[in-house]
Number of protein chains: 4
Amino acid sequence: MSAASTSPRASEHRRRAARLPATRFDKRLGEILAHATDVFCKKGYEGASMRDLSRTSGMSLAGLYYYFQSKERLLFLIQKHTFTTIVEQLKTRLEGVGSAEQRIRIFILNHLEYFLSNQAAMKVLSHEDDALKNGFASEVKAIKREYYRICVSLLDELKRERGLQFSTRIAVLSLFGMMNWIYTWHHPRVDADADELARQMSDIFLCGVMNAARGRHRE
Amino acid sequence: MSAASTSPRASEHRRRAARLPATRFDKRLGEILAHATDVFCKKGYEGASMRDLSRTSGMSLAGLYYYFQSKERLLFLIQKHTFTTIVEQLKTRLEGVGSAEQRIRIFILNHLEYFLSNQAAMKVLSHEDDALKNGFASEVKAIKREYYRICVSLLDELKRERGLQFSTRIAVLSLFGMMNWIYTWHHPRVDADADELARQMSDIFLCGVMNAARGRHRE
Amino acid sequence: MSAASTSPRASEHRRRAARLPATRFDKRLGEILAHATDVFCKKGYEGASMRDLSRTSGMSLAGLYYYFQSKERLLFLIQKHTFTTIVEQLKTRLEGVGSAEQRIRIFILNHLEYFLSNQAAMKVLSHEDDALKNGFASEVKAIKREYYRICVSLLDELKRERGLQFSTRIAVLSLFGMMNWIYTWHHPRVDADADELARQMSDIFLCGVMNAARGRHRE
Amino acid sequence: MSAASTSPRASEHRRRAARLPATRFDKRLGEILAHATDVFCKKGYEGASMRDLSRTSGMSLAGLYYYFQSKERLLFLIQKHTFTTIVEQLKTRLEGVGSAEQRIRIFILNHLEYFLSNQAAMKVLSHEDDALKNGFASEVKAIKREYYRICVSLLDELKRERGLQFSTRIAVLSLFGMMNWIYTWHHPRVDADADELARQMSDIFLCGVMNAARGRHRE
DNA sequence: AATGAATGAGGGTTCATTCAT
DNA sequence: CATGAATGAACCCTCATTCAT
């Protein structure tokens, strides 16, 4: 873990509280994180002010700085936690699943389920993709890269299994586009839920790459 | 056209200059617009300051306000012009084209060509989707709606022509996701050009919806 | 009291400090208010800049905004405090005084004494009469109306006691004119003090309305 | 006339056009002056912007500067013209009038008539009393001083005629206060007209100074 | 563990004014 | 005679951040 992720104060704290699964510090931190996620979602990272966060979370402006050393670190923690969780969940779900197609369907389902259950967090992840700088940026990018790599490897499996030929990069990034774009349009009351959405997107995407790859689409 | 789009000064100007294709005012305005697009692209709308624009465009801070009455109106003009252009180009290209599939391929090609030729403008359009408020927002939304409607009608044609059944809404929005997401990853030096990209995305998308819709994907 | 007069922060502060006569916040606030009064007096509300106030009060520009949420609210607090004080002082002094004439003399004396002791504040009150808007304006107007009403009732008493007939409105407003105008000419070193001024203005005004009202002035 | 009042351009212009009673320049100037008076009245000198004047008068911003060399000179011209007119009118009316009392009544009537016929101008005169600086200020002050002197001499006449004793300065400034204050309260639809107002104020003031001066008011 | 008080830097916008045309 | 274009200075206000307590 890079230097960016651990402040002296926080680490000291964690050391002293290592015995408990969740210290009061971590609990309070989590609450504020949740509020901040909502605010960043609604106003954007640049558009949200620390005063907004203070108001929403009910903690004083100065109080926030005890938990987060800077606004940027706050965004970093949100993005890192969100991304880490989604990757971990994915890995668990993929264990022991056999066919490449099935594994890709799980990938998509996992992404969309998490997306719709944590819309705010995922919007902050997608929309504030390049808001972080230097150390913070690189750490998030590392996780993102890992996630991307997993998807690439799933598609490569599929190509090997079925003897297909297409640009993995374009396919993967198209898939991410389909999935990540939903924060711009999905309304829980109106639109399909994660299962249904995952099924339909999986169908489109899988049929797409599998047929297109055999040479152009034919009747 | 709503009141938001025409200031007294601009309209007066345009009236007097109706015969000429571009007055000096409009030319200067266009130049600043171009610079502003780049800056908004790099820093985001909220993150970019009018002082940044002043520096980049080489015009004094106060001078900018002679052309744009506010920062918000500046973003509005960029978005409106970009969107209007892409819609007009699309309409021209669609004229006289017969098959639904071909028309969808043109839609995608048109979108990606414009996207890659005007990456900055298109990122500003995609990424600053809800930065505008009230009158400005509604006018841009109207154009967006029209563009969306065109795509919906193309897909409905396809469904009719081929007797397919799938959710047009999800298909259209997935397509937009695939296409709009490219601002997050496309590097001109590394990635395929618009033609190639359009071909591949069209293949994936069309094969996807056409095969998936016949009932699940089958071998 | 309208919403305009109490910010969340100020009210919270006052609640906690209800037992003490003046918190440090209130003290600091009072100091700044005093400086601001001087500056508004010298340069006028519009003509004075927050930078002027910052310079005069020795506090940073941003620091001022911790105490006053806006320049307008600053003026509002000055006007409200000044007006409230003068009305309260008047009420105390009027208690138990019998004859209408005596009561009017007290009214005039009270006004002029306060005026000359707080010249700057009273000029700001008189001269910036319509600088406030909406909620701020209406709250000050309410106090002003009360003050005006008191004067009207005193004159009505006089008319009843002595069986006089004249336009109370014109008389009252003439009296206010005489009194308030002094901010344009009174020089402490040169001109009479409040007692003497009050005596002379009272004589002129009272003799004026009492004789004039009996039918035109006669020898 | 001081240097402040004549710019090279204006004087040259007037020289060339000396034969006509009103040049086109002067006519146009007068129109703008009238509009500016209204704007200064509504928004105050500091609060009114040259853009406001441009909008109201229908002339371009730059065009205004052809007629007025600066915003301050604009206020100066308004104040000077207003004050000069009122003094000239007064002198004409006073000619041949005998008794001091009558002359004072004429003074008051003249002031109030002009005030109510030119409310905006008179408010600008009264309210923006110390907005001008240096040369501009001193020239207006000179006229003001003359006007004040006339009033003083009228009151001194009265004192001599009737053997009264009171402070002329306080009496005169009280009278000005009564009269000038009306811009803060007079509504043409509701309140008495100039004649009636002049009668009542004259009664109050004259009865006041004449009776008060004989020693305190007595029954 | 948490806050009130304070700040330097910078935000978007408007100001009175000029000058080539 | 009048304007469109342009500007430096200043406007009010908010920003992320700090530090004594």
Side-chain angles (χ1 to χ4, degrees), chain A residues 9 13 23-25 28-29 32 46-54 58-74, chain B residues 9 12-13 16-17 23-25 28-29 46-54 58-74, chain C residues 9 12-13 16-17 23-25 28-29 46-54 58-74, chain D residues 9 13 23-25 28-29 32 46-54 58-74:
Chain A
R9 192 188 283 139
H13 209 91
T23 62
R24 205 169 305 170
F25 180 93
R28 211 88 169 73
L29 186 147
I32 303 173
E46 292 277 5
S49 75
M50 291 298 285
R51 270 162 184 82
D52 290 331
L53 302 181
S54 165
M59 175 172 281
S60 77
L61 202 45
L64 293 175
Y65 280 84
Y66 176 72
Y67 292 94
F68 311 100
Q69 283 66 38
S70 72
K71 190 188 175 191
E72 200 184 1
R73 196 171 132 78
L74 184 46
Chain B
R9 186 188 292 121
E12 171 203 358
H13 211 92
R16 284 201 289 107
T23 62
R24 203 166 310 171
F25 179 93
R28 211 85 168 74
L29 186 148
E46 293 275 5
S49 76
M50 291 298 285
R51 276 156 184 87
D52 289 331
L53 302 182
S54 165
M59 175 171 280
S60 75
L61 195 48
L64 291 177
Y65 280 86
Y66 181 70
Y67 292 93
F68 310 101
Q69 283 67 32
S70 70
K71 191 188 176 191
E72 199 185 1
R73 193 172 138 79
L74 182 46
Chain C
R9 187 190 289 122
E12 170 204 358
H13 211 92
R16 283 200 291 107
T23 63
R24 204 166 308 170
F25 180 92
R28 211 84 168 75
L29 186 149
E46 293 275 3
S49 76
M50 290 300 281
R51 275 158 185 87
D52 290 332
L53 301 182
S54 166
M59 175 173 280
S60 77
L61 195 49
L64 292 177
Y65 280 86
Y66 179 71
Y67 293 92
F68 310 103
Q69 283 68 31
S70 70
K71 191 188 175 191
E72 199 185 1
R73 193 172 138 79
L74 183 46
Chain D
R9 189 189 284 139
H13 208 95
T23 62
R24 204 169 306 170
F25 180 92
R28 212 85 168 72
L29 185 147
I32 302 173
E46 292 277 4
S49 75
M50 292 299 283
R51 268 161 185 84
D52 290 330
L53 303 181
S54 165
M59 174 171 283
S60 77
L61 203 46
L64 292 176
Y65 279 85
Y66 177 73
Y67 293 95
F68 310 102
Q69 283 66 36
S70 72
K71 190 187 174 191
E72 200 184 1
R73 196 172 131 78
L74 183 46

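In what follows, chains are A, B, ... by sequence order, proteins preceding strands, each numbered from 1.
- Both distances falling under 3.5 Å, in either a Watson-Crick or a G-U wobble arrangement, place E:dG12 opposite F:dC11.
- Across the protein-nucleic acid pair, D:M50 atom CE and E:dT14 atom P stand 17 Å apart, rounded to whole Å.
- As a whole-Å value, the separation of C:R51 CZ from E:dT7 C1' is 14 Å.
- Closest approach to the A:S49 side chain among F:dA16, F:dA2, E:dG12 is made by F:dA16 (side chain taken as heavy atoms from C-beta onward).
- Taking atom CG on B:L64 and atom P on F:dA5, their separation rounds to 14 Å, with Å as the unit.
- Atom-to-atom, CZ of C:R28 to P of E:dA5 comes out at 10 Å; the value is rounded to the nearest Å.
- For B:S70, the side-chain atoms get nearest to E:dT13 when compared with the rest of E:dG8, E:dT13, F:dA16.
- If you take CG of D:L74 and C1' of E:dT17, they are 14 Å apart, rounded to a whole angstrom.
- Taking each heavy atom of B:S54 and B:L61 in turn, the nearest pair found is OG-N, 3.4 Å.
- When the C1' atom of F:dA10 is taken as reference, atom CG of C:L53 falls 15 Å away, rounded to whole Å.
- Across all strands shown, E:dA20 forms a Watson-Crick or G-U wobble pair with F:dT3, both key distances being under 3.5 Å.
- Both B:S60 and D:G63 lie close to DNA chain F; mapped to their nearest nucleotides by heavy-atom distance, the more 5′-ward contact belongs to D:G63.
- One finds a side-chain N or O of A:Y67 lying less than 4.0 angstrom from the OP1 or OP2 phosphate oxygen of E:dA2.
- Under 4.0 angstrom from either OP1 or OP2 of F:dC1 there lies at least one side-chain N or O belonging to D:Y66.
- The CG atom of C:D52 sits 11 Å away from the P atom of F:dA10 (whole-angstrom rounding).
- Rounded to whole Å, atom C1' of F:dC1 lies 8 Å from atom CE of D:M59.
- Atoms OG and OH, from D:S60 and D:Y66 in turn, are 13.0 Å apart once rounded to the nearest 0.5 Å.
- Inter-residue side-chain proximity for A:Y67 and A:M59 is flagged as met; some heavy-atom pair is nearer than 4.5 Å.
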Could you pull out the protein-nucleic contacts involving nucleotides 18-21 of chain F (nitrogen or oxygen on both sides, under 3.5 Å)?
none

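- For the atom pair CE of B:M50 and NZ of B:K71, the computed distance is 8.0 Å after rounding to the nearest 0.5 Å.
- A donor and an acceptor atom never sit less than 3.5 Å apart when one is taken from the side chain of C:R24 and the other from the base of E:dG4.
- Nearest heavy-atom pair, C:F68 versus C:L29, reported as atom, atom and distance to 0.1 Å: CZ-O, 3.9 Å.
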Criterion side chain to side chain contact (heavy atoms under 4.5 Å, CB included) on C:L64 and C:L74, from CA distance to verdict: CA-CA 10 Å; C:L64 292 177; C:L74 183 46; over 6 Å; no
